[in-house]
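What you see below is based on every heavy atom in this structure, not just the backbone, and it leaves out hydrogens, waters and symmetry mates. Order of listing sets the numbers, starting from 1, for every ligand and every atom in it. Index from 1, following the sequence.
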Amino acid sequence: MIKIHINVDTPYDIYLGAGILNTLNWTSIFQSYAKRFVVISDTTVSTLYREKLLNLWSEYSPLWLNFEAGEASKTRETKALLEDQLQEAGVNRDACMIAVGGGVVCDLAGFLAATYNRGVPVIYIPTTLLAMVDASVGGKTGVNTSLSKNSIGVFSQPKAIYMDIDFLNTLPDNELQNGLAEILKHSLIRDVKQFERLLKFRKAHSEESWLLSDKMWLLETIAESIRIKKEVVVCDEKETGGLRQILNFGHTIGHAIEQLSGYTVAHGEAVAIGIYLESYLSYCRGYLSWENFSKIEKALKFLKFQLNTPYLSDLNAISNALSVDKKSTAKEWRMVFLKSIGTVCDNYVRAFDKADLEKLLTWYRESL
Ligand code: ADP
Ligand code: ZN
């Protein structure tokens, strides 16, 4: 089992392994957190894992609460419904929440735990690749509103995170691909070796389910991705110093695509296109070499990311979407630029304007 210590203000550990849920000493883990436990999960994960987990934790007979799977459930309304259910069940401050699910469950349950009775402990058990390498790490919790994503929430750290990659065996391919986009992003901003490792492994494994074909390799890849994110969030826990903005590489254009598609394009798919365009703009501005840009383009295609989208055709619509990006100011749009594979440009974010965008979109339309 791999253990990664996250040394933020209220430190905690991440435990990562294959099949660890069956081998962990739950009695001693549970004893250290609370007397009563409440699982928060979604309908899909519950169908697959509820029975198994309730058997595993039978000694503590946790209450199990679900909400409908999907990003559309990540709302204040779902949180309120869960709060009512908790109160009706008489759950008070001596309880600990256990989030079992993807990023949606971890973000929502984390926020719920942070405010229920002014805060109860929470542990995360992420079940998607995206939640393992990204969403569950970093202390951001929250929900969406109809106007913006993740805009209502708090910074709050879990007591621990238990990641068992055996959950990934039931995860659909497109969800694995979402996680892969963030793994690739982490490597591009901070770790050229991870970038090369990823491609080398992919070259040697042509089978459809290549990501799951070697557990040791996958564990090391997830661990490395977490270490990169950890380095960044530990230095800038509450997003006050600017460093944390580098995690937003590929997300400026990515978020615009998500928004313009009415969130029908998956996050990872949008981020992959964002990586493609933001890397090209990094090249246009003279920061990134053509050779490095080409390597990134080849990698995206080789990793089977779909780079074509109909949502980047209307310049005005994209401009509007960029203006609500949280890195934008009243005067200018901003994004993270790459200097090379594994490093970003100084100052974390730099401005870009309509002329940059026009040039980028003209190239994009012709490039595919
Ligand atoms: P993400 O983790 O990508 O941010 P979600 O929490 O919405 O987003 O999870 C994506 C989808 O995958 C949801 O429909 C969720 O119910 C489903 N899911 C989560 N974990 C698993 C799993 N281990 N096996 C199958 N489906 C899963
Ligand atoms: Zn992301």
Side-chain angles (χ1 to χ4, degrees), residues 18-19 21 39-50 52-53 66-75 78 99-111 124-138 140-144 149-150 161-189 209 211-212 218 222 225-226 228-229 232-233 239 244-259 263-275 278 305 325-327 335-336:
L21 242 51
V39 176
I40 309 288
S41 189
D42 72 23
T43 42
T44 306
V45 176
S46 294
T47 306
L48 290 165
Y49 296 106
R50 184 175 188 270
K52 178 179 180 260
L53 292 175
N66 283 335
F67 58 85
E68 193 62 42
E71 186 78 26
S73 292
K74 205 173 137 184
T75 60
T78 307
V100 182
V104 170
V105 172
C106 293
D107 283 7
L108 182 60
F111 186 28
Y124 293 162
I125 302 186
T127 62
T128 64
L129 184 58
L130 183 72
M132 290 179 190
V133 299
D134 194 24
S136 68
V137 185
K140 283 189 176 180
T141 73
V143 294
N144 309 327
K149 276 186 87 177
N150 299 322
I161 308 183
Y162 299 97
M163 299 185 183
D164 188 335
I165 59 164
D166 282 359
F167 279 115
L168 304 180
N169 294 332
T170 54
L171 199 64
D173 284 348
N174 64 318
E175 297 294 344
L176 283 171
Q177 198 72 7
N178 275 332
L180 182 62
E182 300 289 353
I183 292 175
L184 178 68
K185 178 204 75 181
H186 284 154
S187 76
L188 288 173
I189 59 172
S209 56
L211 255 174
L212 304 181
L218 181 60
I222 294 173
S225 210
I226 294 169
I228 298 168
K229 179 149 186 190
V232 174
V233 299
E239 206 161 28
R244 202 166 172 146
Q245 290 182 319
I246 72 170
L247 295 170
N248 233 262
F249 175 65
H251 284 59
T252 310
I253 303 288
H255 281 153
I257 296 169
E258 278 187 285
Q259 199 199 324
Y263 295 96
T264 55
V265 174
H267 181 68
E269 206 181 306
V271 166
I273 302 169
I275 289 174
E278 293 178 27
F305 285 106
D325 185 84
K326 65 178 193 268
K327 299 182 297 310
M335 71 162 69
V336 179

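Judged by distance alone, the side chains of T75 and T78 do bring a donor and an acceptor atom under 3.5 Å apart. Between the side chains of T170 and Y49, at least one donor N or O lies within less than 3.5 Å of an accepting N or O. Remark: the H251 side chain and the E258 side chain contain no N/O donor-acceptor pair separated by less than 3.5 Å.
Checking each of L180, I275, I273 against F305 for a side-chain contact (heavy atoms from CB on, under 4.5 Å) leaves exactly one that passes, namely L180.
Listed by number with element, the atoms of ligand 1 under 4.0 angstrom from any heavy atom of F167 are 22 (C), 23 (N). The atoms of ligand 1 that sit less than 4.0 Å from any heavy atom of G102 are 2 (O), 6 (O). Counting atoms of ligand 1 from 1 in the listed order, those under 4.0 Å from a heavy atom of T170 are 22 (C), 23 (N), 24 (N), 25 (C). Less than 4.0 angstrom separates some heavy atom of A69 from each of these atoms of ligand 1: 14 (O), 16 (O).
Residue E71 has no N or O atom closer than 3.5 Å to an N or O atom of ligand 1. The shortest N/O to N/O separation between L48 and ligand 1 does not fall below 3.5 Å.
Shortest contact from atom 5 (P) of ligand 1 to any protein heavy atom: V104 CG2, 3.8 Å.
Annotation: side chain of T128 is not in contact with side chain of N178 (no heavy-atom distance under 4.5 Å). Proximity of F167 to L21: side-chain heavy atoms (C-beta onward) are separated by under 4.5 Å at one or more points.
With distances taken over non-hydrogen atoms, the option nearest atom 3 (O) of ligand 1 out of N178, L171, L130, T44 is L130.
Within the 4.0 Å heavy-atom criterion, the part of D42 lying near ligand 1 is the side chain and not the backbone. Contacts with ligand 1 closer than 4.0 Å are made by no heavy atom of L168, backbone or side chain.
Residue contact annotation: D134 places no N/O/S atom under 2.8 Å from the Zn ion (ligand 2).
Between E278 and N248 the shortest heavy-atom distance is OE1-O, 4.3 Å.
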